Amino acid sequence: MKKQKKQYKPQEAEEKWQKFWEKEKIFKFNEKSKKKIYSVDTPPPTVSGKMHIGHAFSYAQQDFVVRYKRMKGFNVFYPFGTDDNGLATIRLIEKEKKVKAFDLGREKFIELVLKTLKEDLRPKYVADWKKLGMSCDWDIFYTTIDEHCQRISQRSFIELYKKGREYRKRSPFFWCPECQTAIAQVEMEDKTQKSDFVYMKFDTTLGKKIVIATTRPELMAACVGIFVHPKDKRYKDFVGKEAILPFYNKKIKIKTSVDADPDFGSGAVYHCTFGDMDDVEWLAREGVKPIEIVNKDGTLNEKAGFLKGLKIKEARKKIISELKKAGKIEKIEKIEHVVKVHERCGADIEILMTEQWFIQYLNLKKQMLVWGKTLGWFPRYMRVRYENWVKGLKWDWCISRQRYYGIPIPVWYCKNCGEVILPSEEDLPVDPLKDKPKKACKCGSKDFEGEKDVLDTWATSSLTPRLAVELMPKALWKSLFPMDLRPQAHDIITFWLFNTVVKSQLHYKKNPWKDVMISGFVLDPEGKKMSKSKGNVIAPQDVFERYGADALRYWAASSKLGEDLPYKEKDLITGKKFVTKILNASRFVFMNLKSGEKPARPKKLHETDRLFLSQLNQIIKNATENFEKYEFSKVKNEVDNFFWKDFCDNYLEIVKNRVYSDNEEEKKSALFTLYASLLTILKIFSPITPFITEEIYQRYFRKLEKDKSIHISNWPEQVKINERKGDKEKYKLLIEILGKVRQGKARKQRSVKSPIVLYLDKKTQEKLKDLLSDLKAVTNAEEIKEDKFKVEFV
RNA sequence: GGGCCUGUGGUCUAGUGGUUUAUGACGUCGCCUUUACACGGCGGAGGUCGGAGGUUCGAUCCCUCCCAGGCCCACCA
């Protein structure tokens with residue numbers, strides 16, 4: 001009767017090993033070690049409820065590389081942080097706790113957020129990363145809202161201010177009326193929207209009417225000019241005259257501008273402050289003063305006259321109907337156009353004049369390109385995205401946000417003379433609304449006003465290398481920074497990567513890391529983007545539950561670095577099968593190693609074993625080279641193929657006869673080779689599937705190998721054998737003949753085990769003379785006779 | 001509209017500095033209860049390597065254009 005085998009349950013085993021690693025501090029960064037440091041700028045995920053499949057995918061990929069480096073002997077610095085100081089966190093808490101920040105008030109809201117994060121959200125969130133098998137040192141942990149990070153972030157602000165890089169200015173900037181805060185270029189997204197394209201008829205001092213086409217009629221009160229194209233004959237006579245705004249009875253000069261497209265709308269455009277980006281550009285060019293009619297909450301003010309108090313969209317409706325009544329509308333076209341919305345809340349963005357803090361960097365574009373060139377990009381082509389972004393920059397970096405929750409901008413203003421007062425570094429972090437400057441202002445006044453605004457979340461997350469490094473004793477900072485690697489996905493090259501480079505250069509005049517490794521995206525099974533609204537989102541938590549983290553990682557390793565990968569259920573099944581297969585292969589090897597001793601190397605390796613080991617050496621070489629280039633998918637592909645085809649299907653079958661035989665020398669050679677190659681295969685797989693490889697290592701190898709965990713064992717070195725020219729061809733010939741015999745048997749519908757007489761020509765027999773005994777055994781040939789290749793059944 | 005990437009048997013994927021049987025997986029079909037594994041083994045069928053041109057003796061691979069998908073960016077009032 002067959003023995004009942006204990007089935008491997010990935011969920012249980014993975015939890016067990018994860019706890020083991022944590023308890024035994026396997027991934028602890030050693031502050032005292034003299035070994036070379038490998039430091040990683042782990043992306044701190046935004047606390048947003050749950051880890052999603054895209055996270056699992058890209059964090060798995062970075063973990064492959066980090067685990068490899070650790071086995072290569074580096075003292076790995078692999079911290080973990082969570083990003084929880086931004087709008088995303090605010091929205092999450094508002095949703096979870098069913099509150100509104102503005103209703104609750106500043107202090108109470110901050111208290112609620114911090115408490116909820118600490119006690120509930122963060123631990124649950126981080127647990128997913130542990131389940132994934134991230135090999136971080138969890139003791140090196142930061143959250144972007146904690147005191148440590150506040151201190152560094154505020155210090156960065158102060159330093160850049162002192163360097164003359166920061167300024168506060170009232171200027172047109174993107175504003176979200178819903179969130180009531182300034183937002184950055186990068187926080188906006190496009191939305192296609194249906195709008196009314198209104199053709200308005202204005203009287204002019206020429207006596208004739210001029211038609212203006214706009215989607216923003218409600219901004220009429222803010223109109224400061226009208227443009228027509230200089231070559232547009234229709235309007236030749238209008239240029240220099242004035243148009244009269246209906247309802248407001250204001251006269252507006254008609255001017256020429258090449259930006260007025262004669263083929264679009266009526267060919268005449270009115271310049272409002274501010275309907276869109278063009279309006280901002282024109283303002284500077286024309287040297288006119290803006291008319292501010294939009295309030296921060298998205299309503300119109302008294303300058304809008306009869307539209308006062310209405311929200312923008314209501315005002316639009318109202319003015320259209322009034323224009324209709326007054327007979328001032330020529331026509332209304334329904335158009336679809338793209339508007340800017342806030343990515344967090346979806347509200348239409350307005351451009352308002354507000355007081356904001358900026359980091360001046362538009363004048364650094366050239367340098368930025370150089371910085372990008374000196375980074376190691378993997379894959380290489382990702383650099384282009386950075387460059388395109390730099391070339392397209394139009395604004396300085398607005399770093400202030402009008403929120404309750406976040407890191408305060410550490411500034412007071414003197415009420416008497418307006419002077420900007422900064423705290424000194426040892427007093428950081430400060431809350432300028434609670435704390436007071438320690439000295440009087442230069443002017444003698446002690447009357448200050450604290451800055452109410454907080455820093456943009458990117459102003460802090462762009463400091464992650466420092467946030468992590470400065471958790472260590474100061475003596476180590478130099479060897480930890482610049483860091484070796486920044487891993488991340490390609491969607492945030494323009495935010496996080498770019499901003500981090502900028503900050504590091506402004507502060508330290510060097511890049512924050514040596515290399516960046518850019519992961520792709522997970523797509524749905526049809527190759528489309530996953531989104532909650534489409535309902536095609538895969539939860540990694542379910543995947544862990546059903547297939548295990550190893551299977552998920554195995555799948556994540558099958559995609560080339562930087563490439564997007566569709567999620568396919570079947571690929572997870574393949575991963576699970578792999579786990580079973582390698583467990584069984586290991587069982588076979590150790591079933592035959594009863595002595596409990598590490599098999600010694602025989603005086604002379606059997607020729608089959610020598611050839612097999614030479615194949616193995618090639619795999620080691622390639623795997624190492626590919627890992628150095630962050631090409632984990634090539635590693636996985638090759639070693640997977642080698643394991644499945646060469647090791648299991650062929651080598652194991654070939655040496656079975658010797659493993660079972662009494663010929664001690666030949667047996668010894670086989671066992672030595674089995675042990676060495678299995679351990680090597682395990683080690684190469686261990687960065688990719690850390691749990692099953694640890695399970696096997698602990699189950700079988702631990703008592704024979706010195707290392708406490710496979711993950712801190714040495715990366716495999718090539719086995720010393722006498723490699724000869726033609727080894728590869730010889731091995732291939734052996735496998736080819738084996739294949740042909742199997743084919744011959746299958747065609748005759750015989751069992752693989754069925755006995756045969758094998759015919760090989762003289763030349764082949766000579767070439768393979770020291771392999772013939774193994775070949776005879778594996779094909780179950782009673783005899784090998786000399787003739788053209790033939791399989792004869794007996 | 002611009003940039004970058006991708007497009008390989010039904011599905012996903014490897015690959016090539018250009019030329020012989022284009023890789024593997026899943027699926028499918030046939031066979032095999034072979035003592036590591038039936039969550040297995042062996043074998044078979046299945047591809048004009050997105051489309052059209054071009055360079056070449058010869059292109060899946062190089063060039064041009066087009067089409068489709070992904071990501072990023074810009075955007076017409």
Side-chain angles (χ1 to χ4, degrees), chain A residues 2-3 5 7-8 185-186 189-190 197-198 212-216 219 226-227 259-261 263-272 275-279 282 335 337-340 379 381-389 391-394 489-495 518 520-521 523 525-529 555 558-560 562-571 573-592 633-634 636-638 640-641 644-645 648-649 652-653 656 659-660 738-739 741-754 780:
Chain A
K2 223 171 171 179
K3 206 168 66 183
K5 272 177 215 122
Q7 229 202 331
Y8 176 75
Q185 192 174 346
V186 85
E189 57 187 23
D190 295 344
F197 197 28
V198 185
I212 307 285
T214 183
T215 53
R216 303 295 304 268
L219 296 178
I226 289 174
F227 297 118
D259 291 331
D261 180 355
D263 297 326
F264 190 79
S266 65
V269 55
Y270 80 161
H271 175 199
C272 304
D276 63 23
M277 286 290 300
D278 284 339
D279 292 331
W282 292 337
I335 57 161
H337 68 152
V338 176
V339 294
K340 293 251 176 257
Y381 58 80
M382 289 292 180
R383 191 181 79 205
V384 181
R385 299 193 183 194
Y386 169 99
E387 289 175 346
N388 283 341
W389 173 257
K391 287 174 191 160
L393 274 178
K394 287 193 170 164
H490 56 57
D491 56 334
I492 47 174
I493 290 175
T494 55
F495 315 25
I518 311 286
F521 256 67
L523 306 174
E526 269 70 53
K528 305 262 189 238
K529 197 182 169 181
W555 162 73
S558 63
S559 160
K560 251 194 305 186
E563 298 267 292
D564 298 344
L565 185 68
Y567 176 89
K568 296 264 177 182
E569 193 87 16
K570 65 181 184 60
D571 295 333
I573 296 170
T574 310
K576 207 178 167 188
K577 278 187 184 173
F578 161 76
V579 168
T580 311
K581 185 79 176 174
I582 199 163
L583 199 56
N584 282 321
S586 308
R587 191 179 284 144
F588 168 78
V589 171
F590 281 89
M591 229 170 63
N592 297 295
S633 69
K634 287 187 182 168
K636 184 247 170 193
N637 256 329
E638 251 186 78
D640 199 32
N641 215 26
W644 216 289
K645 294 276 156 207
C648 293
D649 295 350
L652 288 192
E653 295 302 326
K656 268 179 184 170
V659 167
Y660 296 146
L738 174 56
V741 174
R742 282 169 173 169
Q743 192 180 43
K745 289 185 179 182
R747 282 198 179 141
K748 292 272 191 252
Q749 307 207 333
R750 300 292 183 109
S751 152
V752 189
K753 234 187 151 184
S754 57
N780 200 21

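Computed from a predicted model, the values in this text were never measured in an experiment. Sequence lines set the chain letters: A, B, ... in the order given, protein chains first and strands last, and positions in each chain run from 1.
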Among the candidates [options], find the nucleotide nearest to the side-chain atoms of [X].
{"X": "A/Asn584", "options": "B/rA77, B/rA36, B/rG24", "value": "B/rA36"}
{"X": "A/Lys634", "options": "B/rA36, B/rG15, B/rC73", "value": "B/rG15"}
{"X": "A/Tyr660", "options": "B/rC71, B/rA36, B/rC5", "value": "B/rA36"}
{"X": "A/Lys560", "options": "B/rA14, B/rC4, B/rC42", "value": "B/rA14"}
{"X": "A/Pro566", "options": "B/rU13, B/rA25, B/rA77", "value": "B/rU13"}
{"X": "A/Asn637", "options": "B/rG3, B/rA74, B/rA14", "value": "B/rA14"}
{"X": "A/Ala585", "options": "B/rC72, B/rA36, B/rC4", "value": "B/rA36"}
{"X": "A/His490", "options": "B/rC71, B/rA74, B/rG43", "value": "B/rC71"}
{"X": "A/Lys656", "options": "B/rA36, B/rG41, B/rU11", "value": "B/rA36"}
{"X": "A/Thr494", "options": "B/rC73, B/rA74, B/rG44", "value": "B/rC73"}

Categorize [X] for me: base, sugar-phosphate, or nothing, with a 4.0 angstrom heavy-atom threshold over every strand shown.
{"X": "A/Asn641", "value": "sugar-phosphate"}
{"X": "A/Tyr381", "value": "sugar-phosphate"}
{"X": "A/Leu652", "value": "base"}

Exercise. Grab the CG-P distance between A/Leu565 and B/rU6 for me, whole Å please.
Key: 15 Å
Quiz item: Quick one: A/Arg383 CZ to B/rC5 P, roughly how many Å, whole number?
Solution: 12 Å
Residues in side chain to side chain donor-acceptor pair (under 3.5 Å) contact with [X], at least two apart in sequence or another chain:
{"X": "A/Asp491", "result": "none"}
{"X": "A/Lys340", "result": "A/Asp190"}
{"X": "A/Glu569", "result": "A/Arg546, A/Tyr547"}
{"X": "A/Arg383", "result": "A/Glu387"}

What's the gap between [N] and [M] when it is taken at their [atom1] atoms, as a whole Å value?
{"N": "B/rC26", "M": "B/rC5", "atom1": "P", "answer": "32 Å"}
{"N": "B/rC76", "M": "B/rG2", "atom1": "C1'", "answer": "16 Å"}
{"N": "B/rU13", "M": "B/rG51", "atom1": "C1'", "answer": "22 Å"}
{"N": "B/rG50", "M": "B/rG7", "atom1": "C1'", "answer": "6 Å"}
{"N": "B/rC72", "M": "B/rU8", "atom1": "C1'", "answer": "26 Å"}
{"N": "B/rC12", "M": "B/rU23", "atom1": "C1'", "answer": "13 Å"}
{"N": "B/rC4", "M": "B/rA74", "atom1": "C1'", "answer": "15 Å"}
{"N": "B/rU64", "M": "B/rG44", "atom1": "C1'", "answer": "42 Å"}

Go ahead and name the base partner of [N]; Watson-Crick or wobble counts if both distances stay under 3.5 Å, otherwise write none.
{"N": "B/rG58", "result": "none"}
{"N": "B/rU19", "result": "none"}
{"N": "B/rC75", "result": "none"}
{"N": "B/rG10", "result": "B/rC26"}
{"N": "B/rC4", "result": "B/rG70"}
{"N": "B/rU33", "result": "none"}

Exercise. Would you please classify the geometry between the A/Trp644 ring and the A/Phe578 ring as parallel, tilted or perpendicular, with 30° and 60° separating the classes?
Key: tilted
Exercise. Determine the interplanar angle of the A/Tyr660 and A/Phe588 rings, folded into 0 to 90°, and report it as parallel if under 30°, tilted if 30 to 60°, perpendicular if over 60°.
Key: perpendicular
Self-check item: Closest-nucleotide ordering on RNA chain B, the 5'-leading residue of A/Arg742 and A/Gly265
Solution: A/Arg742
Practice problem: Select from A/Glu563 and A/Asp491 the residue whose nearest nucleotide in RNA chain B is closer to the 5' end of that strand. | Solution: A/Glu563
Quiz prompt | Phosphate contact (B/rC4 OP1 or OP2) by A/Trp389 side-chain N/O below 4.0 Å | solution = no
Quiz item: Do any side-chain nitrogens or oxygens of A/Lys581 fall under 4.0 Å of OP1 or OP2 in B/rG41?
Solution: yes
Practice problem: Working to the nearest 0.5 Å, report the span between CZ of A/Arg742 and NZ of A/Lys745. | Solution: 9.0 Å
Quiz item: Listed by chain and number, what are the side chain to side chain contact (heavy atoms under 4.5 Å, CB included) partners of A/Gln749, not counting sequence neighbours?
Solution: none
Quiz prompt | nucleotides 26-32 of chain B: protein proximity per nucleotide (B base, S sugar-phosphate only, - neither; heavy atom, under 4.0 Å) | solution = S---SSS
Practice problem: Can you see which heavy atom on A/Ala489 is nearest to which on A/Gly520, and at what distance? | Solution: CB-O, 4.3 Å
Quiz item: Please walk me through it: do A/Cys648 and A/Lys581 pass side-chain contact (heavy atoms from CB on, under 4.5 Å)?
Solution: CA-CA 9 Å; A/Cys648 293; A/Lys581 185 79 176 174; 3.8 Å; yes
